[in-house]
A.B. asks: 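Structure incoming, see below.
Treat the numbers as computed from the prediction; the structure is a model and nothing was measured.
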Amino acid sequence: MTEQQQEQQPQEQQQFVIPPMPEAPPPVPASEPPVPVRVRKDRRVLRAALRWTTAVVVFAAAGAGTAYGITQMKRTDVPGLATVSDGRWDYPVITRPPLPSGSPGPFATDNKTNAHYADLRALLLPAPKGAKADAALRGTDGWLPTKAFLAQYTDTAERKELGQKLTDDGLRHIAARGWTTPDGTQTRVYLLQFATAVAADELFSPGLISYDSPVYALDGAPATTYDDTVKTEILDNHVKASAYVEDKPVGPADVRQAYLSAGDTLGLVVQSRKGVAKAVPFKQTLTLQSQLLG
């Protein structure tokens, strides 16, 4: 094929007949002009570069797709990134009960006595999901007899003394609710409403609590220590609390307890569990109950 004929061929055909690049360029006869090695090499490099560029783009797209997929998944859907539960219970949505028409909230500016006008029974924290209710705390029509409340205190003389205090301070009602969760934790919540907020506040302290221990020991918790991990920040702004943990060695069940003060109403929350009564659900229970009272 003459040089003139080669020049007349389309450039694309010339590309297809070019053989692969040998390890060393073959000798070229002196009578023929050499085919530029640089042109061949540049074309081969170009094809290799295009192949690598395509591969990089594909891998980059795949990587970006994977990253996007993980950012769109829940942490519990990604192995190794699942969030372990911190022990909180699954409570239903908590809402305050409606007030009687024309009645202010307990801490409204026009409620000078800080009285709770809502039904006290409706201010009790509901049990978390999966818990078994304690029928013994339902009382009659939702009102618990004072004798049943006092029965949880260990000493007979102290029960009598506390009973007299409740009478003197104008106790009106006691509402209670209890439950047991699947892990064996038993919870009891008591709300005591008094004639005035002043009387309730005086009974709260020093009548029921001192700084380092409750005044009256609960059954199963003869010795306790003040629980300084229960901070005011977890409570409603209008509610005070004083919490205690059982001293070690604990009895058959570990007991946590806390007294609450909210206007004309006092609360007592008790949680016990064989082994260790966990702090997280205890604080969660206090937080939610304080929000209902606030």
A.B. asks: The test is side-chain hydrogen bond (donor to acceptor under 3.5 Å, both in side chains); show your working for Gln193 and Asp264 and say whether it passes.
C.D. replies: CA-CA 6 Å; Gln193 191 171 36; Asp264 66 347; 3.2 Å; yes

A.B. asks: Between Val189 and Tyr259, is there a shared hydrophobic cluster once you connect ILVMFWY residues whose side-chain heavy atoms come closer than 4.5 Å?
C.D. replies: no

A.B. asks: Would you check if Tyr216 and Asp155 make a side-chain contact, meaning some heavy-atom pair closer than 4.5 Å?
C.D. replies: no

A.B. asks: Search all heavy atoms of Ala279 against all heavy atoms of Arg256 and return the closest pair with its distance.
C.D. replies: CB-NH2, 3.6 Å

A.B. asks: Of all the heavy-atom pairs spanning Leu123 and Gln289, show the shortest one and how long it is.
C.D. replies: O-NE2, 2.9 Å

A.B. asks: Quick check on the hydrophobic clustering: are Leu191 and Val270 connected, directly or via other members, by side-chain heavy-atom contacts under 4.5 Å?
C.D. replies: no

A.B. asks: Tell me whether Leu260 is reachable from Leu124 by hopping between hydrophobic residues (I, L, V, M, F, W, Y) whose side-chain heavy atoms are closer than 4.5 Å.
C.D. replies: yes

A.B. asks: For the CG atom of Leu150 and the NZ atom of Lys160, what is their distance to the nearest 0.5 Å?
C.D. replies: 12.5 Å

A.B. asks: How are the rings of Tyr244 and Tyr226 set to each other: parallel, tilted or perpendicular (split at 30° and 60°)?
C.D. replies: perpendicular

A.B. asks: Does any part of the side chain of Leu266, heavy atoms only, come nearer than 4.5 Å to the side chain of Phe194, both counted from C-beta?
C.D. replies: yes

A.B. asks: Please output the side-chain donor-acceptor pairs of residues 134-143 that fall under 3.5 Å, not counting sequence neighbours, one pair per line with the distance.
C.D. replies:
unit_1 : atom_1 : unit_2 : atom_2 : d
Asp134 : OD1    : Ala136 : N      : 3.1

A.B. asks: Apply the side-chain contact (heavy atoms from CB on, under 4.5 Å) test between Ser205 and each candidate in Ile209, Asp201, Leu208; give the one that qualifies.
C.D. replies: Ile209

A.B. asks: Quick check: does any side chain N or O of Ser272 sit under 3.5 Å from a backbone N or O of Val255, one acting as donor and the other as acceptor?
C.D. replies: no

A.B. asks: Can you name the side chain to side chain donor-acceptor pair (under 3.5 Å) partners of Thr156, sequence neighbours left out?
C.D. replies: Arg159

A.B. asks: Nearest 0.5 angstrom please: Ile94 CD1 to Leu288 CG, how far?
C.D. replies: 5.5 Å

A.B. asks: Would you say the side-chain atoms of Thr225 pair up with the backbone N or O of Asp247, donor to acceptor, closer than 3.5 Å?
C.D. replies: no

A.B. asks: Does one hydrophobic cluster hold both Leu166 and Val215, with members joined at side-chain heavy-atom distances below 4.5 Å?
C.D. replies: yes

A.B. asks: Please report the closest heavy-atom contact between Ser242 and Ser210, naming both atoms and the distance.
C.D. replies: OG-O, 4.4 Å

A.B. asks: Look up atom CD in Gln164 and atom CG in Asp169, then write down how far apart they are to the nearest 0.5 Å.
C.D. replies: 10.0 Å

A.B. asks: Do the side chain of Asn114 and the main chain of Gly263 share a donor and acceptor less than 3.5 angstrom apart?
C.D. replies: no

A.B. asks: On a heavy-atom basis, which atom in Tyr117 and which in Pro104 lie closest, and how many Å separate them?
C.D. replies: CD1-O, 3.5 Å

A.B. asks: Can you measure from CZ (Arg177) to CG (Leu144) and round to the nearest 0.5 angstrom?
C.D. replies: 12.5 Å

A.B. asks: Under the 3.5 angstrom rule, does the side chain of Thr287 hit a backbone N or O of Lys283 as a donor-acceptor pair?
C.D. replies: yes

A.B. asks: Hey, quick one: are Leu293 and Val230 part of the same hydrophobic cluster, counting side-chain heavy atoms closer than 4.5 Å, chains of contacts allowed?
C.D. replies: yes

A.B. asks: Indicate yes or no for a side-chain donor-acceptor contact from Lys112 to the backbone of Thr109 under 3.5 Å, with no hydrogens or angles considered.
C.D. replies: yes

A.B. asks: When the ring planes of Tyr91 and Trp89 are compared, do they come out parallel, tilted or perpendicular, using 30° and 60° as the limits?
C.D. replies: tilted

A.B. asks: Could you check whether Thr224 and Gln257, counting side-chain N and O atoms only, form a donor-acceptor pair closer than 3.5 Å?
C.D. replies: no

A.B. asks: For the pair Arg188 (side chain) and Ala176 (backbone), establish whether a donor and an acceptor sit closer than 3.5 Å, ignoring hydrogens and angles.
C.D. replies: no

A.B. asks: Does Thr181 form a side-chain hydrogen bond (donor to acceptor under 3.5 Å, both in side chains) with Lys132? I'd like the steps, not just the answer.
C.D. replies: CA-CA 6 Å; Thr181 49; Lys132 181 180 179 181; over 6 Å; no

A.B. asks: Roughly how far, to the nearest 0.5 Å, is CG of Leu268 from CG of Leu218?
C.D. replies: 6.0 Å

A.B. asks: When rounded to the nearest 0.5 angstrom, what distance separates OG in Ser290 from CG in Leu125?
C.D. replies: 10.0 Å

A.B. asks: Of all the heavy-atom pairs spanning Val280 and Arg88, show the shortest one and how long it is.
C.D. replies: CG1-CG, 3.5 Å

A.B. asks: Quick one: closest heavy-atom pair of Pro106 and Gly294, and the distance?
C.D. replies: CG-O, 4.0 Å

A.B. asks: I would like to know whether Arg96 and Asp236 meet salt bridge (Lys or Arg N to Asp or Glu O under 4.0 Å); could you show each step before the answer?
C.D. replies: CA-CA 13 Å; Arg96 292 190 179 99; Asp236 183 89; 3.7 Å; yes

A.B. asks: Are Phe149 and Tyr190 close enough that their ring centers fall under 6.0 Å?
C.D. replies: yes

A.B. asks: For side-chain hydrogen bond (donor to acceptor under 3.5 Å, both in side chains), just list the numbers for Thr185 and Gln271, CA-CA rounded to whole Å, side-chain angles, deciding distance to a tenth of an Å, and then say yes or no.
C.D. replies: CA-CA 7 Å; Thr185 301; Gln271 281 188 357; 5.9 Å; no

A.B. asks: Does a side-chain heavy-atom distance below 4.5 Å link Gln186 with Arg273?
C.D. replies: no

